[in-house]
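Note sheet for the following structure.
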Amino acid sequence: MSRTFVGMPAFPKAAAVSTQDRRLRANLTHATHTIRDKRAKAVTELDDWAELRLAGKEIKDRTLAELDRYLLQAEAAVTAAGGTVHWAADAAEANRIVAELVKATGEREVVKVKSMATQEIELNEALAAEGITAYETDLAELIVQLGDDLPSHILVPAIHRNRAEIRDIFAQNMADWGRPAPDGLTDTPAELAEAARLHLREKFLRAKVAVSGANFLVAETGTLVVVESEGNGRMCLTLPETLISVVGIEKVVPTWRDLEVFLQLLPRSSTAERMNPYTSTWSGTTDGDGPSAFHLVLLDNGRTDTLADQVGRQALRCIRCSACLNVCPVYERAGGHAYGSPYPGPIGAILSPQLRGLQSEVDASLPYASSLCGACYEVCPVAIDIPEVLVHLREKVAEKGGAGHRLERVAMKSASWLLDHPAAYSMALRGTGLARGVQPRRVPIPGAAKAWTDSRDLPALPEQSFRAWWSKGENR
């Protein structure tokens, strides 16, 4: 598999292939059901979960309403604490900034904390083009990197792999990236974790530059926050001499008091834990403690355009917990790769088309990658109404009149005209009565709409219309 999402097919085409992969479906079903069952139990421990969820939503909405002010406050605080802030309008600018910062140190390799933002801008590939090797240190991201694969889940990027597959990836490929896997490696979790630990240890001790994202950025102090479960993030954030953090502008929260809400919502919604094993915070630099140089790259890359959409902007509340993926019947069957984006599942279906635009075939297809069952909204810890945004984006796609939608627009305009002209409507009703004998079982529509009409029978036409029945005054 190519290690980039660029050029991937539209969701229906990709899903048609992935849904036939029995092993993939088995892996996903087992993993998502396990995670969501644990989450449900963790959430019920809090009597005020509904109030916390509402607080998270309101904090995010309040912050987004004044995002410019909070970003400037965060920039001032980071600068005062010894950090340097860079602003990146898009992926190309962010990649250029990071590459230049790394090259300025004279190094040609970096260690990385798991980061959705760097996946979004395809930073690893951009650094490789500049002769810089990026080593993933999160266990799941390491599996993906060693397997020359793509992540398929926000929280567990290698969720589509089982233990036997991971063992084979380690045994066959680990030596190409550094310390080889131990001889006789089995697929027991303890042995796999130890192999990864030994492989990564030499990279942690050697690395001079690290790249991270951030779960949150506290505006009042310029503090960045990373939550994780393995400790690799702590190693990356403290050992290297230079730390570069690429952070989406929507990750800012106003105060430490606001952060408290999210540190209760996020772990329960993601890993079903009361708190994360590792919660790392840092503000700028401190002599003799941690990196001596800190750079914060604030990433827009379509977020400002998303913010301008009054319905779609709620996607920017997302705290990347992945709860919506674990309850989605479409994700469970199709898998993450089918979404053609580092953001899979329901949140990806509304976030990717807004960040990247609806021009490509894959992005125009994503708003339709849902049954609109509403389960994603029910579990979202910041109450993003994903079904509402999906329908909103579908409307935008239809308005563009792309493949499969031109006929739809013609039909809707014709229906609107007909309903606005009573005489014509009455004549059409009389015509449908005459057509009862020749009515087809299905609508003979070619092209993209054929997949929809082939699976749905037309309702039988009644002997008389409601209007005809009413005009006769019978049974009234």
| Do Asn301 and Glu120 have a side chain donor and acceptor closer than 3.5 Å? | yes
| field | Asn124 and Glu136 side chains, donor-acceptor separation under 3.5 Å | value | yes
| task | Tell me yes or no: between the side chains of Thr137 and Asn232, is some donor less than 3.5 Å from an acceptor? | result | yes
| query | Between Asp21 and Ser18, is any side-chain donor less than 3.5 angstrom from a side-chain acceptor? | reply | no
| So Tyr425 and Asp420, side chain to side chain contact (heavy atoms under 4.5 Å, CB included) or not? Walk me through it. | CA-CA 8 Å; Tyr425 182 64; Asp420 279 341; over 6 Å; no
| Just how far is it from atom OG of Ser352 to atom CD1 of Ile347, taken to the nearest 0.5 Å? | 9.0 Å
| Side chains of Asn276 and Thr279: donor-acceptor distance under 3.5 Å anywhere? | no
| Would you say the side chains of Glu75 and Trp87 form a donor-acceptor pair under 3.5 Å? | yes
| task | Ignoring hydrogens and angles, state whether a donor on the side chain of Asn162 or His30 is under 3.5 Å from an acceptor on the partner side chain. | result | no
| task | Would you kindly check if the NZ (Lys) or CZ (Arg) of Arg53 is within the cone defined by 45 degrees around the ring axis of Tyr377 and under 6.0 Å from the six-membered ring centre? | result | yes
| field | Phe11 vs Tyr339, ring pair (Phe, Tyr, Trp, His ring centres under 6.0 Å): CA-CA, chis, key distance, verdict | value | CA-CA 6 Å; Phe11 182 85; Tyr339 292 82; 4.9 Å; yes
| field | Distance, nearest 0.5 Å, that separates CD of Glu250 from NZ of Lys60 | value | 6.5 Å
| said: Is it the case that the side chains of Trp282 and Thr223 hold a donor-acceptor pair, with the cut-off being a distance below 3.5 Å and no angle test? | reply: no
| request: State, without any angle test, whether His160 and Ser152 hold a side-chain donor-acceptor pair at a distance under 3.5 Å. | output: yes
| In terms of side-chain heavy atoms, does Lys112 have a donor or acceptor partner in Ser212 at a distance below 3.5 Å? | no
| Aromatic rings Tyr331 and His153: how do their planes relate, parallel, tilted or perpendicular, breaks at 30° and 60°? | perpendicular
| remark: Interatomic distance, CG@Leu101 vs CG@Leu243, rounded to 0.5 Å, equals 11.0 Å
| task | Decide, yes or no, whether a salt bridge links Asp149 with Arg161 under the criterion of side-chain N to carboxylate O below 4.0 Å. | result | yes
| Ionic contact status for Arg36 with Glu332, cut-off 4.0 Å | yes
| task | Could you label the plane-to-plane angle of the His421 and Trp417 rings as parallel, tilted or perpendicular, counting under 30° as parallel and over 60° as perpendicular? | result | parallel
